[in-house]
Amino acid sequence: MKPEVDYSLYLVTDSTEAILGNRDLISVVEQALQGGVTIVQYRDKTSDTGVLIRIARALHEKCKQYSIPLIINDRVDVALAVGCEGVHLGQDDMSVTDARNILGPSKIIGATVSSVEEARIAVERGADYLGIGTLYATNTKKNTKDIIGIAGTRKILESLSHPTSSAAAKQIKTVCIGGINATNIQRILYQLHYSPFSSPSPPTIKPISGAAIVSAIIASSTPKHASSLLRSLITTSTTHPTFLPSNFSPSPSLPSPQTLLNATLTLHKTNPLTHNMTNLVVQNLAANVALNIGASPIMSTNGTEARDLAALHGALVVNMGTSTPEALTQYKLAIEAYNAVGGPVILDPVGAGATAARKDALRFLLGVGYFTVIKGNESEILEVARASHIPIPIPIPSSSSTTTPSPSSSPEQPQPQQQRGVDSTHTLTHPSKLSLVKTLASTLRCTILMTGPTDILSNGTTTLSIKNGHEYLGRVTGTGCTLGTTISAYLAAAAAASSTSSSSSPNDSHGPESKDEVKNIGVLEAALASVLHFEIAAEDAAASLDVKGAGSFVPAFLDALAAYREGVVEGRLGEEWLRGRMRVE
Ligand SMILES: Nc1ncnc2c1ncn2[C@@H]1O[C@H](COP(=O)(O)OP(=O)(O)OP(=O)(O)O)[C@@H](O)[C@H]1O
Ligand SMILES: Cc1ncsc1CCO
């Protein structure tokens, strides 16, 4: 009988100097077993057969003491010699069929796959589980060909659970591998719908069964502690992962005007901190926008103070506008600090499609942590989609546009234009934008806002088009960036209000009376409320008699942002008014 295996914390060993150092592998694995790894794979690509068998035998003895299965990488002969529970085969190793013939039906056979086709073949040949990857580049694996990210892994999981897939595909166990550690494991499992139970949720995707870890345990100076930390992170990831703000809930439909007004009242009442790691161009404007909407801004690019700031229940904006290699390490510290306490984090990948350095920076940041909201103009969101391995829609053919094919483009298909600076190109049809934003949101399990004359907002379930705003916004630099600040303030307020009693407030006002109303302000509601505050204020400012152009628009806009908040707080701007002003569908 094949043993029932718990794949949730799958340890893969590495005996190389860079990872294991001069420590004894058996003792490191024993500590990992004490910490709670649920399955062990002995992976050693260099030792001679005699050494492999000796170490495998010793590892098997230890694993048996903890009733944990031992799998041998590649070497079916070694697995046979020691009589352990199974083998793991790479694409260049013996085929699953041959291994099954040699080992028989009772042994566990796993296969590495990095595409839907490889997964299909491994299932057909009778593999028990799939090692899907590489998720992220690591020091030991930098080959970008195999790096498939969250979207590539999800594509494989989706194919396995497709209605037309075989029963074996639906039942097969799966683990993800590549660059997984304590800072990212919850986000990865969340984005891959980890479930210790086999019922798929949502039904379109088969949940991942576990995560394979190499250096986060083997290279750790305290493998027992590293393993037990990972184990507890896996366990809590099924209830509420730490990085999710407390008000996170997938909203089913268009939020009501009253909920949106409540979001503004909550912002006024909580006066939240908005921590901006933003570009040099917009520092001052962003701080002034924050003050006028009713938030408390701090502009800080020093990642070492992020933990202290994250404890103040604010939100973080990471804006790549003028970032440097050094800035990226500071962003990482800050994102980790906010993720650790469930503080909302907004990513604004400014100019992400313009240069190789920005493309790399975006890929780095997407691997660092969870973003509650990712906002950007069309070019920037297209680059987020590329970085997330999501197919790019075909742009509107334009005889006047000089399209620059991207490296991945097929010769026949026009590709969206290369972003020239921080400004956006406008090449997609509205339906393509809707579909892209929705797919991106559901793949990354976050909220995406694509700005432009019509903004598109989606949490993967509800997708909205927002037609408010004024063309002056497009003629003032950094309005997209300051919209990011505005969103952060609304998210922080909604998260703080949902986790504390609505009675504790620094400002007196007619705030939302019932705690339930506050609880209804999820991420989508807060994001929509912030966009409407920003854009209706822009419309009001542009209509002011003193405004003659983009220059005089800026001070009037700050005034209008404050006037909007005051109007809502004083009850002059109510439900009917907002219903008449919002152009959302
Ligand atoms: N023509 C327009 N009509 C109405 N609103 C607009 C128009 N152009 C931009 N906006 C609004 O301006 C804000 C910023 O969006 P935009 O797409 O210009 O951001 P961005 O390119 O990231 O800006 P920046 O890089 O200058 O910060 C959004 O609220 C958007 O709705
Ligand atoms: C102009 C500009 N350059 C880098 S950031 C920025 C502000 C608008 O995004």
Side-chain angles (χ1 to χ4, degrees), residues 276 278-293 297 299 317 319-322 346 348-355 358 375-383 395-396 398 400-402 416-428 430 433 437 449-457 465-489 527-528 530-564 581-584:
N276 288 243
T278 193
N279 66 66
L280 300 170
V281 184
V282 301
Q283 301 273 354
N284 187 267
L285 181 61
N288 281 329
V289 164
L291 283 175
N292 283 285
I293 59 169
M299 318 313 270
V317 180
N319 177 307
M320 288 181 12
T322 51
I346 290 84
D348 192 344
V350 177
T355 64
R358 283 171 197 258
K375 70 151 288 289
N377 58 36
E378 180 186 309
S379 299
E380 290 153 1
I381 295 299
L382 274 167
E383 197 53 38
I396 305 165
S398 156
S400 59
S401 77
T402 48
Q417 272 176 275
Q418 154 84 34
Q419 187 170 12
R420 276 199 315 142
V422 296
D423 290 334
S424 191
T425 54
H426 298 282
T427 55
L428 301 182
H430 188 66
K433 287 182 192 172
V437 170
L449 174 67
M450 181 194 277
T451 58
T454 298
D455 309 294
I456 296 165
L457 178 67
S465 301
I466 309 159
K467 294 193 171 140
N468 289 93
H470 192 275
E471 59 154 330
Y472 283 158
L473 286 172
R475 285 164 51 188
V476 174
T477 191
T479 51
C481 308
T482 54
L483 175 59
T485 302
T486 307
I487 296 170
S488 74
L528 178 60
S530 62
V531 173
L532 289 174
H533 185 159
F534 195 85
E535 296 188 356
I536 292 174
E539 291 168 7
D540 290 347
S544 149
L545 290 178
D546 305 334
V547 173
K548 308 273 184 295
S552 44
F553 168 75
V554 176
F557 179 48
L558 291 177
D559 291 348
L561 286 169
Y564 182 106
R581 288 296 301 267
M582 60 192 273
R583 289 189 285 136
V584 182

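At a threshold of 4.5 Å between non-hydrogen side-chain atoms, the residues V289 and T486 count as touching. Side chains of S465 and D455 form no contact here, defined as non-hydrogen atoms less than 4.5 Å apart. Inter-residue side-chain proximity for E535 and I466 is flagged as met; some heavy-atom pair is nearer than 4.5 Å. Contact of the V282 side chain with the T477 side chain is not registered, since no non-hydrogen atoms from C-beta on lie closer than 4.5 Å.
Between the side chains of Q283 and T278, no donor N or O sits under 3.5 Å from an acceptor N or O. With no hydrogens or angles considered, no side-chain donor-acceptor pair links H430 and T454 at under 3.5 Å.
The ring pair (Phe, Tyr, Trp, His ring centres under 6.0 Å) check on F553 picks up Y472, F557, with sequence neighbours excluded. For the side chain to side chain donor-acceptor pair (under 3.5 Å) test, residues two or more places apart in sequence or in another chain that qualify with N276 are T274, T485. N292 is linked by a side chain to side chain donor-acceptor pair (under 3.5 Å) to nothing, counting only residues two or more places apart in sequence or in another chain. With sequence neighbours excluded, no residue satisfies side chain to side chain donor-acceptor pair (under 3.5 Å) with D546. In this structure, R358 has no side chain to side chain donor-acceptor pair (under 3.5 Å) partners at least two apart in sequence or on a different chain.
Rounding to the nearest 0.5 Å places CG of L382 at 6.0 Å from OG1 of T427. Considering CD1 of I346 and OG of S530, their distance stands at 8.5 Å, rounded to 0.5 Å. Note: N279 CG to M299 CE = 9.0 Å, rounded to the nearest 0.5 Å.
Applying the salt bridge (Lys or Arg N to Asp or Glu O under 4.0 Å) definition to pairs two or more places apart or across chains, those involving residues 475-485 are E471-R475.
The pair D540-R581 meets the salt-bridge criterion, with a side-chain N (NZ, NE, NH1 or NH2) lying under 4.0 Å from an Asp/Glu carboxylate O.
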